[in-house]
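Order of the sequence lines sets the chain letters (A, B, ...), proteins ahead of strands, with each chain counted from 1.
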Amino acid sequence: MSTTKLTTHHGMVDLLPEDTEKWNYIESVIKDVARRYHFQEIRTPIMEPTELIARGVGQLTDIVSKEMFAFNRGDDQYVLRPEGTAPVARAFIQHHMAQRGGVQRLFYIGPFFRAERPQKGRQRQFHQFGAELIGAKGAIADAEIIAFMMEVYRRFGIENIKLKVNSVGNPSSRAAYKKALYEYFVPLQDQLSDISRNRLESNPMRILDSKEEQDQPLKEKAPRITDYLEKESRDHYEEVQQHLKQLGIPFETDPFLVRGLDYYTETAFELISPDLGSQDALGGGGRYDLLIEEIGGAPAPAVGFACGMERLLIVLEALNIELPSAEPPDVYFVTRGAPAAKWALETMPGLRSKGLVCTMDYSGRSIKAQMKDANRQQARYAIIAGEQELEEQIFTFRDMSESTEKKAAMADIISEICQK
RNA sequence: GAGCCCAUAGCUCAGUUGGUUAGAGCGCCAGGUUGUGGCCCUGGAGGCCGUGGGUUCAAAUCCCAUUGGGCUCCCCA
């Protein structure tokens with residue numbers, strides 16, 4: 001092939017004007033929820049040191065072992081960030097944010113990258129919003145984070161969603177649980193799926209995540225992590241549930257909900273929607289009391305969530321929830337002849353400074369074509385100017401939806417538009 | 001990494017058992033109104049039928065490969 005078509009890479013999409021209108025809208029709603037919860041935005045670089053992600057997310061995770069966009073430049077190793085929590089934790093440490101006192105309430109919104117095979121609700125460049133509450137240990141913080149996440153979906157009128165919560169305890173109770181799980185599954189390993197059997201040695205908790213048909217009956221009688229929690233963890237978990245009930249947030253407990261990463265502790269939660277395909281998670285999160293220490297900071301308890309924006313849009317689409325489209329122009333200048341076009345060009349800034357949206361034809365087409373364009377763009381008014389109008393400074397002012405028009409001076413036209 | 005499905009105009013899709021010059025609707029451009037939109041009428045532009053090879057007198061149609069897309073598993077948001 002002699003020529004190559006230049007298109008986006010696999011799993012990367014362009015957002016065209018009709019898309020960005022929607023994105024801007026959902027971003028504005030998310031930011032408004034963040035504002036009311038008094039979380040402030042943090043923007044970290046899109047590239048991070050590879051080691052941060054490897055240590056923060058975990059060497060053994062799929063994300064680090066096979067899904068990173070990573071490259072070297074000189075002696076530096078870069079990776080396109082695959083998730084948001086480790087970068088925020090890094091910034092928290094780097095800028096000594098613990099010294100600011102109190103609890104840091106941070107939210108983010110932006111692109112992330114994972115080299116997965118694209119499918120519905122999963123792109124290689126995808127977008128998440130999320131929040132982190134760093135420095136708070138109590139169950140109130142967990143509840144606040146979950147409430148924040150749920151509020152976003154409530155604001156969009158999305159009701160058909162399920163919040164699942166669990167507790168994964170602390171490392172020592174989790175170790176005891178892993179051992180129990182291992183001992184439970186070993187005699188059954190011949191009945192397990194291949195994938196689950198492989199996990200038996202490396203990470204038996206992941207077997208609980210399995211969607212394989214044949215694993216389901218075996219999972220049912222498996223030991224539950226909640227029976228292995230230490231008293232402190234149990235109390236914390238209990239308290240989180242109490243808070244959620246008090247807040248009127250429906251949820252169900254799922255003893256098999258696990259998060260594979262080692263730094264996760266205590267509360268884990270996931271928000272799922274039946275309106276998504278096989279990628280049914282809208283968002284998820286949990287407590288990660290050990291992460292900050294793991295990547296070199298002074299120990300600090302933290303809890304956070306992350307949600308997929310593409311998945312939010314899929315659900316909005318499935319529910320036929322109307323999102324605003326582009327704002328139509330208030331005024332479309334229809335001109336005839338070069339002097340009139342020049343006049344329109346020079347007149348528009350004055351209207352724009354009054355907050356009006358205005359546009360014109362830029363290619364000297366026929367009046368008819370310009371009217372058609374004004375109609376297509378759903379302009380509220382057309383102002384028609386030719387030689388005669390310029391000379392008299394009296395213009396044809398047409399109300400496009402009423403199909404009425406009159407002659408008037410610009411000052412009168414402007415005041416009439418601004419009145420309505 | 002594994003599996004299944006799909007590929008014809010800008011978009012959505014027809015295209016019979018292989019058979020002349022590949023079609024429709026929408027959209028786009030223009031004319032019908034030499035200065036007026038939506039409805040209507042007329043005309044036009046726009047396709048190497050994803051790409052490469054094969055079978056055949058003849059391929060959008062059959063076969064193989066390849067690329068791209070969709071979906072599922074895995075994993076995750």
Return no unless some side-chain N or O of A/His10 is found under 4.0 Å from OP1 or OP2 of B/G69.
yes

On the nucleotide B/U72, are OP1 or OP2 found under 4.0 Å from the side-chain N or O atoms that A/Gln119 carries?
yes

Could you check whether A/Phe126 and the base of B/A77 form a stacked pair, meaning centres closer than 5.5 Å and planes differing by less than 30°?
yes

So [X], base contact, sugar-phosphate only, or nothing? Heavy-atom distance under 4.0 Å.
| X | result |
| --- | --- |
| A/Glu116 | base |
| A/Lys372 | sugar-phosphate |
| A/Leu282 | sugar-phosphate |
| A/Gly121 | base |
| A/Ala306 | sugar-phosphate |

Mind listing the side-chain donor-acceptor pairs of residues 303-317 of chain A below 3.5 Å, one per line with the distance, residues two or more places apart or on another chain?
unit_1, atom_1, unit_2, atom_2, d
A/Glu310, OE1, A/His127, N, 2.9
A/Glu310, OE2, A/His127, N, 3.3
A/Glu310, OE2, A/His127, ND1, 2.7
A/Arg311, NE, A/Gly121, O, 2.8
A/Arg311, NH1, A/Ala281, O, 2.9
A/Arg311, NH2, A/Gly121, O, 3.1

Could you tell me how far B/A30 sits from B/G46 if I compare only their C1' atoms? Round to whole Å.
15 Å

Taking only heavy atoms on the protein side, list every residue of residues 389-417 of chain A lying under 4.0 Å from any atom of RNA chain B, sorted numerically.
A/Glu389, A/Thr396, A/Arg398, A/Met400, A/Ser403, A/Glu405

Numerically ordered, the residues 25-35 of chain A set in heavy-atom contact under 4.0 Å with RNA chain B is none

Describe, in one word, how the ring planes of A/Tyr25 and A/Phe156 are oriented to each other, choosing from parallel (under 30°), tilted (30 to 60°) and perpendicular (over 60°).
perpendicular

Report yes if a donor N or O on one partner sits less than 3.5 Å from an acceptor N or O on the other, where the partners are the side chain of A/Arg376 and the base of B/G27; otherwise report no.
no

Protein-nucleotide distance (A/Ile367, atom CD1; B/G32, atom P), rounded to Å
14 Å

